[in-house]
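All chains are named by letter (A, B, ...) in the order of the sequence lines, taking the proteins before the strands, and each is independently numbered beginning at 1.
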Protein chains: 2
Amino acid sequence: MDIDLTATEENYLKAIYKANESSSSLASTNTIARYLSTSAASVTDMMKKLSQKNLVIYQKYHGVKLSQEGSRLATALVRKHRLWETFLVEKLGFSWEEVHDIAEQLEHVRSNELVDRLDQFLDYPKYDPHGDPIPSADGKFTLRERIALSNLSIGESSILVGVKHHDKVFLDYLNQNRINIGVTMNILSKSLYDHSIRVLIENETEILVTDETAKNLLVRKLSAD
Amino acid sequence: MDIDLTATEENYLKAIYKANESSSSLASTNTIARYLSTSAASVTDMMKKLSQKNLVIYQKYHGVKLSQEGSRLATALVRKHRLWETFLVEKLGFSWEEVHDIAEQLEHVRSNELVDRLDQFLDYPKYDPHGDPIPSADGKFTLRERIALSNLSIGESSILVGVKHHDKVFLDYLNQNRINIGVTMNILSKSLYDHSIRVLIENETEILVTDETAKNLLVRKLSAD
DNA sequence: AATTATTTTTAGATAAGCCTAAATTCTTAT
DNA sequence: ATAAGAATTTAGGCTTATCTAAAAATAATT
Ligand SMILES: [Mn+2]
Ligand SMILES: [Mn+2]
Ligand SMILES: [Mn+2]
Ligand SMILES: [Mn+2]
């Protein structure tokens, strides 16, 4: 049932997965190259190979998308990545900005038994430390509504359920301001000039975030009561 | 301080480590090739490379041993392997015959922080599920006396503290007979004809083991009381 | 519609890790 | 001491995953 892919092939599948996820049109060679920090020529080579294996549907010069089988494998990889990130934070006490690089390695360890036992050990988590959904063993996501903090109006309350980017600089900034998944965020005011927002965190500390930052914070609105 | 080696280079270091451990003389090309299921020619290639990096001391046609730095890296690898095996058994509920292959992959994940946190999470175990000593962060082993069951006399009691081989067939055989690390083993009688031994396990079940099997079971003698 | 710019593919190389077969060196037996 | 045998190294190739530079195709501009 399961084909054995190299870690490199898996990384390409994941790159295409991410690209397909965030744009609906076919993933371009350059997009994939940028994501993997490799050359366009290398991407073309790999697309031929993955196409040969029926893991992607590749149209020369026009882009690529995952086949059903490719999608299944990419989802399994995302599952492993997010389970390992959860393990690193929940069990080993890592902070959310430290786990991505380690999970990038752990996700390529081959053993279905291992993934399933890890899932059980973590008590079948639905979301990873960054708030991203963890696919179940049969590839199903538990989705939840997430809107950008920038879309809230003054006076509205919300809970942080996700972040758009996972880079260390951004997450460190959030740490410094005691912002992490689960905190409540109340919109106090918005600047008409630069759209920056004054936010009350956990009904305690007040901070000022730029419009750009607010776009990268994904929240669930709380019904006023 | 830490050089970045490929998984392949690490595996060669470990092979040399094992060979050096079990023979005192230099490791031969063929021994390493057999251990890694590769060709002698490939071993020679790699010895040149590792020698260049000062990780091994290699004498053409005469054999190879680890340098001090090579030894340090090999020990770190053994540490990772055995910590992961312990994790798989203690935390994920794997059986001791299932963990080796997975640990072979996990041991190559690069992150010192990860290893140290794993060690802490497991509460600094001294021995892995096969009874082998786990080196500490500074490379020290906690050794303990281990003699083969075949060397005991009739009437002597002992506790199983290790096994000489880790292959699935052998471990499965032990499982079937409820033999695992920590069980008590009493010598009931020995055959003069084929040296097979009647053993009482956990003061409960009685089994007959061949001389060959008894040589592969490492025990600690219990002082009679 | 034609030209220019951008993107993508192809061509040709390189490095790691592996192989088989041939040459070399070491070991053992006569 | 020499020849036969075994072990090891070298030579030459192969595959995967890279790269740069050149060629081809598509997209954008005038
Ligand atoms: Mn991640
Ligand atoms: Mn994540
Ligand atoms: Mn092992
Ligand atoms: Mn072990």
Side-chain angles (χ1 to χ4, degrees), chain A residues 3-16 19-20 22-66 70 73-74 77 104-105 107-108 110, chain B residues 3-16 19-20 22-66 70 73-74 77 104-105 107-108 110:
Chain A
I3 318 141
D4 255 10
L5 301 181
T6 65
T8 307
E9 290 172 320
E10 288 187 333
N11 283 334
Y12 273 97
L13 286 185
K14 204 172 57 170
I16 300 164
N20 284 166
S22 67
S23 89
S24 80
S25 59
L26 295 182
S28 78
T29 301
N30 267 343
T31 303
I32 298 166
R34 224 175 352 254
Y35 181 84
L36 293 173
S37 304
T38 189
S39 71
S42 298
V43 175
T44 301
D45 282 351
M46 186 58 87
M47 289 314 103
K48 286 187 204 158
K49 194 161 82 158
L50 294 178
S51 184
Q52 194 61 43
K53 294 188 180 187
N54 289 311
L55 300 175
V56 302
I57 290 140
Y58 170 53
Q59 279 185 277
K60 250 191 190 183
Y61 290 102
H62 289 91
V64 70
K65 66 175 180 179
L66 294 174
L73 292 171
L77 196 64
E104 282 294 309
Q105 300 179 64
E107 72 188 5
H108 300 295
R110 265 186 293 272
Chain B
I3 318 141
D4 255 10
L5 300 181
T6 65
T8 307
E9 290 172 319
E10 288 187 332
N11 283 334
Y12 273 96
L13 287 184
K14 205 171 60 169
I16 300 165
N20 284 165
S22 68
S23 88
S24 83
S25 59
L26 297 180
S28 77
T29 300
N30 267 343
T31 302
I32 299 166
R34 220 171 0 249
Y35 181 83
L36 293 172
S37 303
T38 187
S39 71
S42 298
V43 175
T44 301
D45 282 351
M46 185 58 88
M47 289 314 103
K48 287 187 202 157
K49 194 162 81 160
L50 294 178
S51 184
Q52 194 62 42
K53 294 188 179 186
N54 289 311
L55 298 176
V56 302
I57 291 141
Y58 170 53
Q59 278 185 278
K60 248 191 192 182
Y61 289 103
H62 289 91
V64 69
K65 65 175 180 181
L66 294 175
L73 292 171
L77 196 65
E104 282 295 309
Q105 300 178 63
E107 71 188 4
H108 300 294
R110 264 185 294 272

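In this structure, B:Tyr61 atom OH and D:dA7 atom C1' are separated by 9 Å, rounded to whole Å. Put simply, CG on A:Leu50 is 12 Å from P on D:dT16, counting in whole angstrom units. In this structure, B:Gln59 atom CD and C:dT24 atom P are separated by 22 Å, rounded to whole Å. A:Lys53 has its NZ atom 14 Å from the P atom of D:dT15, to the nearest Å. Atom CG in A:Asp45 sits roughly 15 Å away from atom P in C:dT8 (whole-Å rounding). Straight-line distance from the CD atom of B:Glu9 to the P atom of C:dA16: 9 Å, rounded to whole Å. Rounded to whole Å, atom P of C:dT9 lies 14 Å from atom CE of A:Met46. The NE2 atom of B:His62 sits 12 Å away from the P atom of C:dT25 (whole-angstrom rounding).
Counting heavy atoms from C-beta outward, B:Leu50 and B:Tyr58 have side chains that stay 4.5 Å or more apart. Counting heavy atoms from C-beta outward, B:Tyr12 and B:Val43 have side chains that approach closer than 4.5 Å. The shortest side-chain heavy-atom distance between B:Leu77 and B:Leu13 does not fall under the 4.5 Å cut-off. A:Leu55 is not listed as a side-chain neighbour of A:Glu9, based on a closest heavy-atom distance of 4.5 Å or more. The closest side-chain heavy-atom distance from B:Leu66 to B:Val56 is below 4.5 Å.
For A:Lys48 and C:dT9, the shortest distance from a side-chain N or O to OP1 or OP2 is not below 4.0 Å. In terms of phosphate contacts, B:Lys60 brings a side-chain nitrogen or oxygen within less than 4.0 Å of OP1 or OP2 of D:dT10. Close to D:dT8, at under 4.0 Å from its OP1 or OP2, lies a side-chain N or O of B:Asn30. Taking 4.0 angstrom as the limit, A:Tyr58 places a side-chain polar atom (N or O) nearer than this to OP1 or OP2 of C:dT9. The phosphate of D:dC19 has OP1 or OP2 within less than 4.0 Å of a side-chain N or O from A:Thr38. Phosphate contact (OP1/OP2 of D:dT20, side-chain N/O of A:Ser39, threshold under 4.0 Å): absent. For A:Ser28 and C:dT8, the shortest distance from a side-chain N or O to OP1 or OP2 is below 4.0 Å.
With distances taken from any side-chain atom of B:Ala41 to the nucleotides C:dT10, D:dT8, C:dC19, the minimum falls on C:dC19.
At a threshold of 4.0 angstrom between heavy atoms, the contacts of B:Ser42 include nucleobase atoms, whether or not backbone atoms are also involved. When heavy atoms are screened at a 4.0 angstrom cut-off, B:Thr44 is found touching base atoms of the nucleic acid.
Toward the 5' end of DNA chain D, the nearer of the two residues B:Ala27 and A:Tyr12, judged by each one's closest nucleotide, is B:Ala27.
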